Every structure is written in structure tokens, then in C-alpha cells.
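Keep in mind the model is a prediction, meaning the values are calculated, not measured. Each chain gets a letter, A, B and so on, in the order its sequence line appears, and its residues count up from 1. Reckoned from all heavy atoms, side chains included, excluding hydrogens, waters and symmetry mates.
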Amino acid sequence: MINYNVDKKGFYGNFGGAFVPEMLYPNLNELALNYVRISKSKSFKKKFNQLLKDYVGRPTPLYFAQSLSEKFKCKVYLKREDLCHTGAHKINNTIGQILLAKELGKKRIIAETGAGQHGVATATVCALLGFKCIIYMGEVDIKRQSPNVARMKMLGAEVRPAKSGSRTLKDATNEAIRDWISNPVDTHYIIGSVVGPHPFPDMVARFQSVIGYETVNQLNELENKSKPDYVIACVGGGSNAAGIFYPFLNDEDVKIICVEAAGKGVNTGKSAATSILGKEGIIHGSKTLLMQTNDGQITEPYSISAGLDYPGIGPMHANLYKSGRGEFISVTDKKAMEWGLLLSQMEGIIPAIETAHAFAILDQKKFKKNDIIVFNCSGRGDKDLDTFIEYFKL
Amino acid sequence: MINYNVDKKGFYGNFGGAFVPEMLYPNLNELALNYVRISKSKSFKKKFNQLLKDYVGRPTPLYFAQSLSEKFKCKVYLKREDLCHTGAHKINNTIGQILLAKELGKKRIIAETGAGQHGVATATVCALLGFKCIIYMGEVDIKRQSPNVARMKMLGAEVRPAKSGSRTLKDATNEAIRDWISNPVDTHYIIGSVVGPHPFPDMVARFQSVIGYETVNQLNELENKSKPDYVIACVGGGSNAAGIFYPFLNDEDVKIICVEAAGKGVNTGKSAATSILGKEGIIHGSKTLLMQTNDGQITEPYSISAGLDYPGIGPMHANLYKSGRGEFISVTDKKAMEWGLLLSQMEGIIPAIETAHAFAILDQKKFKKNDIIVFNCSGRGDKDLDTFIEYFKL
Amino acid sequence: MNRINKVFQKDGTIMSIYFTAGFPAKNDTLSIIKELDSAGVEMIEIGLPFSDPLADGPTIQNSSTIALKNGMNTIVLFEQLKNLRKMTDVPVVIMGYFNPILQFGIEKFCESCKEVGIDGLIIPDLPVDIYNDKYQKIFKSYGLLNMFLITPQTSEKRIKYIDGISEGFIYMVSSYNVTGAIKSFDSFQKKYFKRINEMNLTSPLLVGFGISNKNTFIDAGKYSRGAIIGSAYINWISDKGIYKTSEFIKSLRD
Amino acid sequence: MNRINKVFQKDGTIMSIYFTAGFPAKNDTLSIIKELDSAGVEMIEIGLPFSDPLADGPTIQNSSTIALKNGMNTIVLFEQLKNLRKMTDVPVVIMGYFNPILQFGIEKFCESCKEVGIDGLIIPDLPVDIYNDKYQKIFKSYGLLNMFLITPQTSEKRIKYIDGISEGFIYMVSSYNVTGAIKSFDSFQKKYFKRINEMNLTSPLLVGFGISNKNTFIDAGKYSRGAIIGSAYINWISDKGIYKTSEFIKSLRD
Ligand SMILES: Cc1ncc(COP(=O)(O)O)c(C=O)c1O
Ligand SMILES: Cc1ncc(COP(=O)(O)O)c(C=O)c1O
């Protein structure tokens with residue numbers, strides 16, 4: 001049997017590793033040596049699970065979407081990460097990492113953010129546990145996700161604009177890494193997706209795996225089955241996808257679909273469909289698929305959704321793609337926006353634009369009548385209202 | 001023992017009833033005759049509870065607030081209605097009423113909204129169950145709660161501005177009542193608080209009582225006790241308060257605190273502190289306390305929070321006030337805003353400005369070390385970000 | 001015998017005109033009454049303005065808002081009406097929402113009505129049941145009649161119940177709507193008027209809500225003793241001022 | 001013997017100057033090398049510009065962005081360096097992030113280096129462990145030395161491990177920081193230099209990150225064989241152009 005989890009050296013097949021300057025070695029080594037042990041310890045698990053329950057609001061429901069199911073003639077379930085405190089799955093990971101940082105004696109937290117959901121989730125847990133918090137965010141994203149910037153400030157975090165490159169998520173990540181290089185002792189860097197150097201991809205996937213494990217329990221309760229036929233998630237870096245895929249990774253009965261942002265169209269030069277447009281390379285310390293020039297310069301991706309606007313994908317997903325274990329579909333801005341509106345009006349759930357991409361595959365795939373399709377409804381659209389309003393002239 | 005629940009004629013002590021034009025009699029009579037029977041039927045309960053669980057995300061956590069508890073030297077719990085789908089307790093009621101409307105064969109839904117939370121919650125359940133939806137909202141509120149206006153539009157609802165009077169909640173309510181008068185057959189009016197003519201106050205309180213009953217269960221689990229020493233909630237119309245007070249109404253061991261909006265100060269003429277400033281009278285079909293001139297004209301209240309900016313309170317609360325069963329405290333804009341920021345930075349929870357009012361009493365009341373204080377954290381502050389940002393120049 | 005009852009003993013279609021006290025100007029009350037009297041209307045309804053008139057459409061709402069801004073209130077109104085009965089014998093009804101009356105004090109309100117010669121009341125948000133239980137006695141003791149409404153939605157049983165309580169006449173609301181002027185009655189409305197007419201109630205009927213022109217006034221007269229005209233008259237005096245009242249009345253009558 | 005090893009056999013403090021290829025102008029590469037050669041520097045580092053230089057501060061980031069805009073890339077650089085060895089005998093090192101090298105092809109990259117006379121490489125994001133496992137053999141077969149970094153955070157054990165693998169010299173990063181110019185070393189940094197110096201490693205040490213003036217250069221020389229200067233030189237040529245290079249070198253030396 002093929003194993004789609006991380007190996008001992010931090011690789012998923014040919015992807016992963018920690019391609020970082022020596023300055024980051026001590027931090028990453030400290031994490032790599034300790035994350036499994038700490039996160040499996042009884043006291044950690046108790047605190048983690050308690051905060052997920054009493055603070056985040058877990059378990060999130062697995063909601064049977066009646067109207068969608070009728071329209072698309074299959075059983076559509078939504079895993080409601082949009083109901084998490086702060087509005088997306090991101091907080092599962094930040095709770096895990098902040099507890100880890102506390103265990104490791106860190107005092108200061110940095111993070112990068114694209115859509116702002118990870119920034120808000122990080123600022124939130126820092127407020128909760130009394131950490132100093134600095135969030136790097138691309139200047140472009142600061143503009144298009146202003147409600148989340150406001151939230152971070154309310155929560156007492158400092159938001160530092162990343163002004164280099166495309167001034168989006170990639171550049172915010174560079175800035176965060178530079179900060180970590182400059183502050184290696186007291187600072188923990190909470191990466192917001194399953195990207196970056198080992199052990200981040202695996203660590204984040206483990207913290208997010210609660211999404212998948214809850215789904216298993218809920219399917220047992222609702223359908224008397226422990227696995228769906230399909231699990232579907234949007235992929236920016238890939239953390240919400242990794243979280244819901246986790247229990248099913250090595251069970252090929254369960255089909256996995258990753259939905260990427262095609263932006264204005266895969267071949268328009270304005271896209272973030274990494275699996276199709278990317279080649280193997282190194283980004284942010286990880287060997288993976290990324291969008292780059294022939295010369296190896298990382299290119300500027302484009303998507304209407306700030307959370308998918310990243311030129312790489314996590315190494316787990318690169319491996320799912322190359323191995324054929326996962327199906328990758330890309331969805332344009334236009335389709336995603338339409339699905340945002342459709343989901344709002346059919347189910348009364350306004351999704352994040354990131355999340356809306358996932359649902360758009362309902363138009364493209366044919367399912368069987370009894371197929372159980374689980375979508376990760378990764379976040380809510382409150383942060384995207386301005387974009388929706390402007391797009392649809394509401 | 002005194003009974004603080006509604007009596008058979010729709011009164012709470014001296015308050016309540018249905019002081020409405022004859023045009024509304026058939027609708028109200030239909031409701032009054034059926035709401036208890038339907039809402040107690042097995043099939044209704046099953047649907048209601050299932051939607052609360054799988055769609056709304058109930059039970060909402062009862063969260064032990066560590067930092068607040070330490071600072072104020074008592075046990076502070078937050079009932080996390082802010083985690084409900086759409087961001088406030090309001091949806092508990094709209095789910096109940098839409099199921100009732102369906103049972104009664106209605107096809108069209110109208111509602112009034114102040115903060116927009118009730119409007120969003122109504123638009124949401126209408127999208128979910130395929131009802132036509134019209135929301136009345138004061139022009140002033142449309143401006144100060146624009147994210148919620150955007151959400152209602154995304155959900156397919158029509159938002160009609162109320163342009164008369166103070167152009168806030170009271171006037172939106174007048175418009176909704178006029179619509180109902182004009183459309184008595186196919187339309188159900190989903191009132192958003194425990195106000196209006198009988199049976200609305202009792203019906204809404206029953207649908208919201210899930211908040212209180214969950215609290216009982218959760219206290220049993222967390223504290224091995226089935227009742228807190230204090231339950232505290234902000235009061236606009238009073239639905240979130242009624243919901244959390246419900247199981248404790250007739251148990252005088254449990255102290256009840258209602259927090260009203262003092263606006264710029266109770267005696268400034270810019271206030272919404274109804275219990276202090278109000279006199280007995282009739283507003284929106286209910287005999288209750290309301291702010292009015294000597295001549296019986298209803299006056300324009302003021303609060304920075306749109307959801308508390310109402311010149312009356314529900315008849316249940318009027319009775320709690322007059323009987324002394326409830327303690328009424330009023331909190332200024334300034335204090336409420338400060339507490340919004342404080343809660344964000346101490347607990348990582350950005351509350352609605354309405355909700356923030358409740359917490360401000362922690363400054364004013366002395367509690368004993370083992371006192372269990374349950375706050376109804378009625379909603380999240382996403383809708384209020386602009387106001388916070390502007391107020392604090394963040 | 002109360003002037004209202006007397007007027008219904010006569011033959012012919014009754015025209016009852018509503019206006020909002022304090023509109024267009026604070027002190028127009030008596031002047032309007034004088035105009036209506038000399039134009040020959042059978043009944044006058046004085047609207048006591050209210051901040052939140054939830055049974056009223058935009059026309060009356062708007063006149064109420066202006067009246068309140070002009071300084072109209074219950075005390076002022078009774079003051080203005082002191083010499084009412086030196087001026088007219090036409091029955092005069094006050095139409096007002098319940099809250100201002102409550103705040104004035106019900107007993108005191110009845111007293112004042114009696115003093116100035118008011119004949120009856122229409123309090124749209126005082127339900128017939130509560131009136132019956134709690135207030136009828138006191139209003140009666142001052143000789144004031146209370147008229148109640150029925151609508152196309154009111155059940156037969158309830159109409160009979162209201163017929164037993166309503167004094168003077170029953171206010172037959174013409175449609176599902178708040179007040180406001182319409183051009184003509186549709187077949188649904190006519191069927192409804194007919195149905196009620198055929199119930200042979202004890203109380204006479206007046207049609208209200210929507211009467212705006214000769215057409216609707218004549219139709220109302222076919223199925224009832226007459227009609228109450230509000231928004232159309234308010235629109236008229238907004239436009240033409242109060243001294244063209246008789247033209248308005250004539251335009252409806254012939 | 002490799003030119004780098006040779007230079008460390010001589011006495012005196014070694015000055016190694018970094019510049020970004022393609023900055024200020026695309027074709028400045030050879031001119032800058034000529035300037036540095038005649039100014040008498042002991043070693044030259046050519047930065048291969050990268051879009052996402054995450055170990056670099058604003059100065060080098062900015063020069064990289066401009067260089068890329070100017071059209072610099074790996075192919076262009078090797079083309080420019082064809083006549084390198086007709087011009088200078090100073091050891092020349094390429095400093096570049098791993099991804100552009102990977103995309104060019106590692107074998108092809110080594111071949112090209114050898115062809116033009118490059119002596120060694122600093123690839124900051126190629127970790128010593130992975131180099132050791134997978135890449136050392138191929139680089140060695142082309143006679144290229146790979147230099148690795150240590151920082152104040154690197155454990156003694158790991159320093160020894162790196163000492164065993166790093167060729168030519170060890171790049172002693174002066175502080176917790178990305179690249180960038182500072183005015184002087186603090187006592188913490190000096191203690192760290194001293195500690196490493198006293199470890200008596202096999203590889204000689206060069207200090208990098210922060211050297212910007214005579215003060216820091218001399219200090220670096222006290223605890224190591226010399227220093228690498230990057231941001232300060234980039235700032236200088238941004239300001240004064242590339243033909244004032246010898247003034248810069250002099251200002252640091254005496
Ligand atoms: C709601 C939501 N979904 C998805 C994503 C994409 O991230 P990931 O691929 O790591 O789940 C984001 C990123 O901000 C997000 O906010
Ligand atoms: C979050 C929140 N809390 C409280 C209220 C006040 O309403 P009520 O007193 O009915 O709970 C509102 C009204 O919109 C609200 O949005």
C-alpha cells in the first residue's frame with residue numbers, strides 16, 4: 001500500500017523537506033523533534049480538545065444540503081468549518097500551534113496571511129493566551145480583505161504590510177520568514193497552511209485532521225457509513241483539504257478532489273492553478289509544485305480570492321497530484337463567484353470565495369444517485385462581502 | 001410562587017396582550033391558537049432540533065473565560081451565541097418561525113431589522129426553505145450596518161428602507177406591520193425579538209429558550225450544578241435575554257441582570273435605557289414600558305448599537321423590572337465600546353456592540369469568588385467593525 | 001340620543017370626513033370643521049395625531065408627523081374644541097391610537113370628550129375584546145360610542161361578536177390595506193361588501209379605507225350606509241388648502 | 001588547488017565583496033568584477049538574483065528585483081562570465097538560491113561554472129544535510145566548493161558537523177538577522193565570534209551580514225579570516241555608481 005503521509009525525513013514522495021537557510025535550522029529542528037511528542041501528550045490533547053470544543057465551537061456540523069442534493073442528484077454534505085470561531089478552519093491550526101509555542105516557551109508570535117482568516121485566527125489565539133502578535137499581510141490583500149484587517153487590530157495584533165513582489169501572500173510569507181530569522185529565540189512562526197519547511201506541512205495537517213475525523217464520526221451517525229465516496233476541498237496552500245482528506249488519504253475507496261483557482265482562466269496568465277501551471281521547485285523552504293518562470297523565478301499568481309492566490313501548493317498535495325491519488329480541477333473567478341451567490345440563495349450559507357471554488361465542481365462532475373459527497377465548507381463569506389457586492393452590483 | 005411566564009391571555013403581570021388593529025386579528029389569532037400545539041408536535045420538534053444542530057451549529061459552547069474570571073475574581077462563563085450560523089442568537093427564532101409559517105401554509109416572509117442580524121437570520125432561513133423574503137430596515141440602520149445589508153442581498157432578500165420617523169428599528173417595525181396588514185393571507189411576519197403583540201413575545205422566548213436549556217446541561221457537565229448565580233444579557237427587545245433567562249425565570253436563586261443601552265448617558269436625551277426612561281404604554285401592539293412624551297408620542301431612542309436602539313422592551317422584561325425580579329443596569333456607548341475592545345483583547349472574541357453592553361457590568365457589580373456568572377454572548381462583532389474602527393481610530 | 005345614532009336614522013348616503021388635527025396648521029381644526037359643516041357632510045372624524053400610526057398609509061402618516069411638529073397634542077386639541085358645539089351639530093368622532101389616550105388618562109379623556117361634545121371614538125389599536133373586558137363601562141358612562149372595525153378577513157362569528165359590542169356603526173375596512181386612496185373597488189371587494197351587507201347586522205355599516213372619488217363613494221353607498229374618507233381629503237387640502245373643502249365634497253357627491 | 005583555498009593560505013584579512021548580477025544595469029557584471037579586482041579585494045561573490053530572497057534584507061531584495069527587471073538570469077550571467085578568467089585571478093563565488101539552480105539543471109549549472117572559472121557556491125537554502133546526502137558528489141566532480149553558514153544559534157555539535165562538510169570556508173553569520181548593513185558589533189556578537197574562533201575548526205571563517213565600515217571590518221578580522229560585505233557595497237554603488245568602487249574598498253581598509 002502506498003502511504004500518502006509524510007515520511008521520517010519530512011517528504012511526501014519526492015516533495016517536502018526543509019530547504020531553508022541555516023538561520024532557521026535551530027527553530028525547525030526544535031519543532032521537528034518535539035511536535036509529535038508534544039501534540040500526542042495527554043495534557044496537550046486535553047487543552048487542545050477543550051479549546052476546540054468550548055472556544056472554537058467544535059464539532060462543526062456535517063450538514064446535509066437538501067437543495068443541492070436534489071438539484072445535483074446525489075447526497076451533498078457540507079462540513080461546516082464556516083461556523084468555527086473567527087469564520088474558517090484556520091483556527092484549528094492556530095490553537096494547536098499556540099499551545100505548542102507555549103510548551104516551547106515562546107513569547108512572541110508571527111504569521112503571514114492572505115485572506116486574513118489565518119491572521120485573524122492567529123491574532124485571536126494570541127489574545128486568548130496573552131502572546132504578542134505580528135501579522136504580515138500583502139499590501140494588495142490588506143486592501144481587498146479590509147474587514148479582516150480591522151478584526152486583527154481589534155484583537156490587538158500589529159498588521160505589517162508586505163510591500164515587495166506581488167504584495168500578496170507569497171510576499172507576506174517571505175517577510176514572516178525574515179522576521180523569524182531575525183528573532184529565532186523568543187518567536188514562533190505560525191504558518192497558516194500545509195506549506196513551508198518540514199515539519200510545518202505535517203504539523204498543520206495533523207491539527208486540521210480534526211475536520212476529517214469528525215466527518216467520519218458524523219457519517220457513521222447520519223449514513224451508517226464511515227466513509228464518503230468523495231471528499232472535495234479548495235486548495236490554496238491546502239490546509240482545509242489536508243484536514244478533511246487526512247483519515248482517507250490511504251483509503252483509495254474515497255475519491256479526493258482538490259479544487260484550485262483558475263483565476264481569469266488557466267491560460268490567461270492570470271491564474272493560480274498551480275498543479276497545471278506549476279513545475280517542481282522550491283518555495284518557502286519546501287520542494288513542491290509551484291508557478292515559476294523557466295529561469296526558476298517564482299511568478300505572481302492571480303485569483304479573485306486572496307486565500308487561493310498562492311503560487312505553490314503543499315507538498316502533500318503535490319504528491320497527491322503526481323501520484324494520481326487526487327483529482328485536480330480548476331475553477332475560474334466567474335464560476336466561483338456565481339457559486340458563492342448560488343450557495344447563498346439555495347442553502348442560506350454565504351461562503352468565502354475560496355470555499356465557493358470547491359462547490360463549482362458540481363457543474364463539472366457527474367455523480368451517482370447514492371454517492372455521498374462531502375464538501376469542506378472551509379469558511380464564511382463575511383470577509384468577502386465587498387467583493388461580492390461589487391461583482392454582482394447588489 | 002410568582003409565575004413570570006405568560007398567562008393565558010397573553011399577559012406578563014400587567015404587560016403584554018395584543019393591542020392591534022382588527023386587520024391583524026386573524027393572523028394573530030391563527031398564531032395564538034396554533035403556536036404551542038405546532039411547536040410541541042413531534043415532527044416540528046424533530047425538524048427544529050435538527051436544523052439547530054446541523055445548520056445553526058448548536059449546542060453553542062458554554063465557554064469558561066479564564067482571563068475575565070481571573071481579573072474579576074469569579075467564574076465567568078460565556079454562552080457563545082456568537083458562533084451561531086449568521087452570527088447571533090437571532091437565528092434560533094427565525095428557524096422556529098419559518099417552520100411554523102410553513103406548517104401554516106404561508107409563502108411570503110416579512111421581517112423588521114435593526115442591527116441587521118435578525119434580517120440576515122430571516123433572509124437565511126427563507127433561502128434555506130425557499131420563501132420570498134422582504135426585510136424592512138430603517139434608513140439610518142442601513143447605513144450603519146452595511147455588511148448585514150450586503151448579506152441580506154446575497155441571500156436573495158429584498159431590503160426595503162423605512163424612511164419615516166427616526167428611520168431606525170421602531171419605524172422598520174411599523175412598516176413591517178403595515179405590510180402584514182396589507183398581506184394577511186400568504187404572509188407570515190417573523191418578529192425578531194420578544195416584542196409585539198401576543199403570541200410573539202412568548203413564541204420568540206420559547207424558540208430562544210434553547211439557549212437557557214443548553215446552559216443548564218452544560219453547567220451540569222462543567223460545574224456539577226444546574227444553575228448559575230447570575231445570568232446576564234443585553235436587552236434591546238429582549239430576546240437573547242429571554243432565551244437565557246427562560247429556565248430560571250421562576251427560580252429566584254438565580255439572579256437576573258438586564259443590561260440596557262444608556263447611549264450618551266441616561267439623562268442626556270440620547271439614550272435607549274427604557275426601564276428607567278420609559279413609562280407604561282403601548283408600542284407595536286404590546287403593553288409594556290416604553291420611552292414616550294407626556295403626550296404619549298413614542299420618542300426616538302439613541303444607542304451606538306442598532307440592535308438596542310428600540311424605545312420599548314418586551315412585556316416579559318417590563319414585568320421583570322416592575323416586579324423587581326430582574327435587576328436593570330444601563331451602560332453608555334463609551335463603556336460598551338471599551339468593553340468590546342477589552343473582550344477582543346482579553347479573550348479573542350470580538351462581540352457585537354449590543355453584546356458588549358452586557359459585559360460592562362463587570363466593572364459595576366461586585367461578585368463573590370465562587371459565583372458563577374453566565375453572560376449571553378449574543379452575537380459577534382463582524383457587523384460592527386466599521387464602528388469600532390472609526391471609534392478607536394484603529 | 002347620541003348624534004351618531006341620530007344621523008343613521010335619516011335616509012341617504014352618509015359621508016364621514018377624516019382629517020388630522022394640527023394639519024396643515026396647528027390651529028386649522030375649527031376652521032376645517034366649519035368648512036365640513038357648511039359643505040354638508042354627515043359626520044366628522046378628527047384624527048388625534050400619533051408618532052407611530054401603524055394602520056395608516058403614507059398620507060395620514062405624513063399629516064400626523066407634520067401635525068406633531070406643529071405642536072398638536074391632546075391638551076391642545078381639547079382646548080381648540082371648547083366651542084365645537086357652538087359651531088356645528090354634525091356628529092364628531094375622535095379617531096386616535098390608544099397610547100396617547102392612555103397617557104392622557106382614560107377617565108380624563110372621556111370627561112374632556114363629553115365636555116366639548118365629542119360623540120364617539122375610533123381607537124384602531126384597542127381590540128374589541130379588551131374594550132369589552134376593561135373599558136366599555138367607563139366610555140359608556142360618559143355617553144361615548146366606540147366604533148370597531150371589520151375586514152375582509154374577519155370571520156362571520158367574529159363579525160357577529162363585534163356587532164354586539166360596536167356602538168353607532170361598524171367600520172367596514174374595504175380591503176387588505178392600510179389607509180390610502182384608491183380609484184375603484186374590485187370584484188373581490190364588492191363581493192365582500194355584499195356578503196357583509198347580507199348578514200343583516202344590528203349596527204349600520206360605513207365603508208372606510210380607499211374611498212377617494214365619486215366612483216368609490218357611490219359604490220360604498222350601495223353596500224352600506226356610507227363611507228369614511230380620509231387620505232383623499234388630506235391630499236386635497238395639502239394641495240388646495242382647507243377653504244376649497246366644499247368643492248371636494250361636491251366632487252364626490254354628484 | 002582551488003583559488004579559494006589558495007587565498008586562505010596567504011596572510012592578512014580577507015575582504016570578499018558581494019554584488020547582485022544585473023544591478024545597477026544588466027551588463028555591469030564584468031565591469032564591477034574589474035573594479036573589484038583592481039581595488040584589490042581577495043574574493044568576489046556574484047549574487048544570482050531571485051524573486052523571493054528570503055534570507056536577504058531590503059537592500060539586496062531591492063537590487064535583485066531590479067536585476068530581474070533588467071533581464072538578468074542564469075543563462076545571461078554565464079554568457080557574461082565567458083571571459084572572466086581572462087580578466088582576474090581573484091576567487092569568484094556564486095551566491096544563489098536553490099530554485100533557479102534546480103530549474104537550470106544542477107549538472108548543467110556545475111558544468112557552466114567550471115567552464116567560466118567559478119570557484120565555489122553559497123546556496124543559502126540548500127541545507128547542509130541534503131547537500132551531503134544528495135548533491136556533494138556532483139558539485140565536487142566539477143571542482144566546485146560549497147560553503148555553508150553558521151549562526152549564533154548553531155549548536156557546537158552542528159558547527160562541527162558543518163565544519164566537516166563545508167569547503168573553502170565557513171560563512172559565519174554575524175547576528176540574528178537577514179542581510180543588511182550595521183554600524184558596529186555589540187558585545188553579544190563579539191562573544192559569539194570569540195567562541196567560534198576558539199573552537200579551532202578545520203575550515204577558516206569569514207564573517208558576513210552587517211559589515212559596513214572600517215569598524216566592523218576590522219572587528220571581523222580580529223575573530224576570523226575576514227569578512228563578506230554585501231548590502232554596504234550595493235548601497236555604495238546605488239549611490240555613487242560602480243566606478244567609485246576603489247574608494248569604497250579603501251574606506252574599509254585603512
Ligand atoms: C475560507 C478559506 N478557505 C480556504 C483557504 C485556503 O487555504 P488552505 O488551502 O490552506 O485551506 C483560505 C485561506 O485563507 C480560507 O480563508
Ligand atoms: C447580537 C445582538 N444582541 C442583542 C440584540 C438585541 O436584541 P434582543 O434584545 O432581542 O436580544 C441584537 C439585535 O439585533 C443583536 O444583534
Side-chain angles (χ1 to χ4, degrees), chain A residues 50-51 53-64 66-67 77-78 80 82-87 91 120-121 123-130 146-157 218 222 340-341 343-350 380-383 385-386 388-389 392 394, chain B residues 50-51 53-64 66-67 77-78 80 82-87 91 120-121 123-130 146-156 218 222 340-341 343-350 380-386 388-389 392 394:
Chain A
Q50 194 179 330
L51 283 175
K53 176 168 176 281
D54 296 341
Y55 188 66
V56 175
R58 304 205 71 91
T60 59
L62 186 67
Y63 166 66
F64 177 69
Q66 185 119 27
S67 307
Y77 281 95
L78 273 53
R80 297 291 303 281
D82 60 305
L83 293 178
C84 287
H85 182 46
T86 71
I91 195 162
V120 170
T124 295
V125 297
C126 287
L128 178 66
L129 295 180
S146 65
N148 276 341
V149 176
R151 292 164 83 197
M152 289 184 261
K153 289 179 179 172
M154 278 291 288
L155 293 159
Q218 290 165 325
L222 294 163
L341 195 61
L343 196 69
S344 303
Q345 302 193 346
M346 280 182 74
E347 297 289 349
I349 296 169
I350 306 175
R380 62 186 180 233
D382 294 20
K383 68 186 180 61
L385 289 172
D386 289 348
F388 278 122
I389 293 301
F392 292 113
L394 288 177
Chain B
Q50 193 179 330
L51 283 175
K53 178 168 172 281
D54 295 340
Y55 188 67
V56 174
R58 305 206 71 90
T60 59
L62 186 67
Y63 166 67
F64 177 68
Q66 185 118 27
S67 306
Y77 281 94
L78 272 54
R80 297 290 305 278
D82 61 305
L83 292 178
C84 288
H85 183 46
T86 70
I91 196 162
V120 169
T124 295
V125 297
C126 287
L128 179 66
L129 295 180
S146 64
N148 276 342
V149 177
R151 292 165 84 196
M152 289 184 261
K153 289 180 178 172
M154 276 293 286
L155 293 159
Q218 289 164 326
L222 294 161
L341 195 60
L343 196 68
S344 303
Q345 302 193 346
M346 280 182 75
E347 298 288 348
I349 296 169
I350 306 175
R380 61 184 181 234
D382 295 20
K383 69 185 180 61
D384 296 314
L385 288 171
D386 289 349
F388 278 122
I389 293 300
F392 291 112
L394 287 179

Contact check, side chains of A/Leu341 and B/Met154, non-hydrogen atoms, under 4.5 Å =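 In contact.
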
Which portion of B/Asp82 sits near chain A, non-hydrogen atoms under 4.5 angstrom =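 Side chain only.
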
Portion of B/Cys84 that has a non-hydrogen atom of chain A nearer than 4.5 angstrom =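 It is the backbone, since no side chain atom gets that close.
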
key: Shortest non-hydrogen contact between A/Ala123 and A/Ala157, atoms and distance   =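 Minimum heavy-atom separation between A/Ala123 and A/Ala157: CB-CB, 3.7 Å.
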
task = Report yes or no: do B/Glu347 and B/Tyr63 form a side-chain donor-acceptor pair below 3.5 Å?
result =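 B/Tyr63 and B/Glu347 do have a side-chain donor-acceptor pair below 3.5 Å.
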
request  = State the CG-CG distance between A/Leu62 and B/Asp54, to the nearest 0.5 angstrom.
outcome  =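 One gets 7.5 Å once the value is rounded to the nearest 0.5 Å.
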
message = Looking at A/Phe388, I'd like to know if the NZ or CZ of B/Arg151 sits under 6.0 Å from its six-membered ring centre while staying within 45 degrees of the ring's axis.
response =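 Cation-pi check for B/Arg151 and A/Phe388: fails.
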
So which of [options] has the biggest tally of heavy-atom pairs under 4.5 Å with chain A?
options	result
B/Phe392, B/Tyr55, B/Phe64	B/Tyr55
B/Thr60, B/Thr124, B/Leu128, B/Thr86	B/Leu128
B/Arg80, B/Lys383, B/Arg58, B/Lys153	B/Arg80
B/Ile349, B/Ile389, B/Val125	B/Ile349

inquiry  = Under the rule for salt bridge (charged side-chain N to carboxylate O under 4.0 Å, His left out), what residues qualify as partners of B/Arg380, not counting sequence neighbours?
reply    =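 In terms of salt bridge (charged side-chain N to carboxylate O under 4.0 Å, His left out), with neighbours along the sequence ignored, B/Arg380 is linked to A/Asp382, B/Asp382.
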
request  = For chain B, find which of A/Leu155, A/Leu51, A/Leu394 contributes the most heavy-atom pairs closer than 4.5 angstrom.
outcome  =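 The answer is A/Leu155.
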
ask   = Between A/Val56 and chain B, which part of the residue has a heavy atom less than 4.5 Å away: side chain, backbone, both or neither?
value =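 The backbone, not the side chain.
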
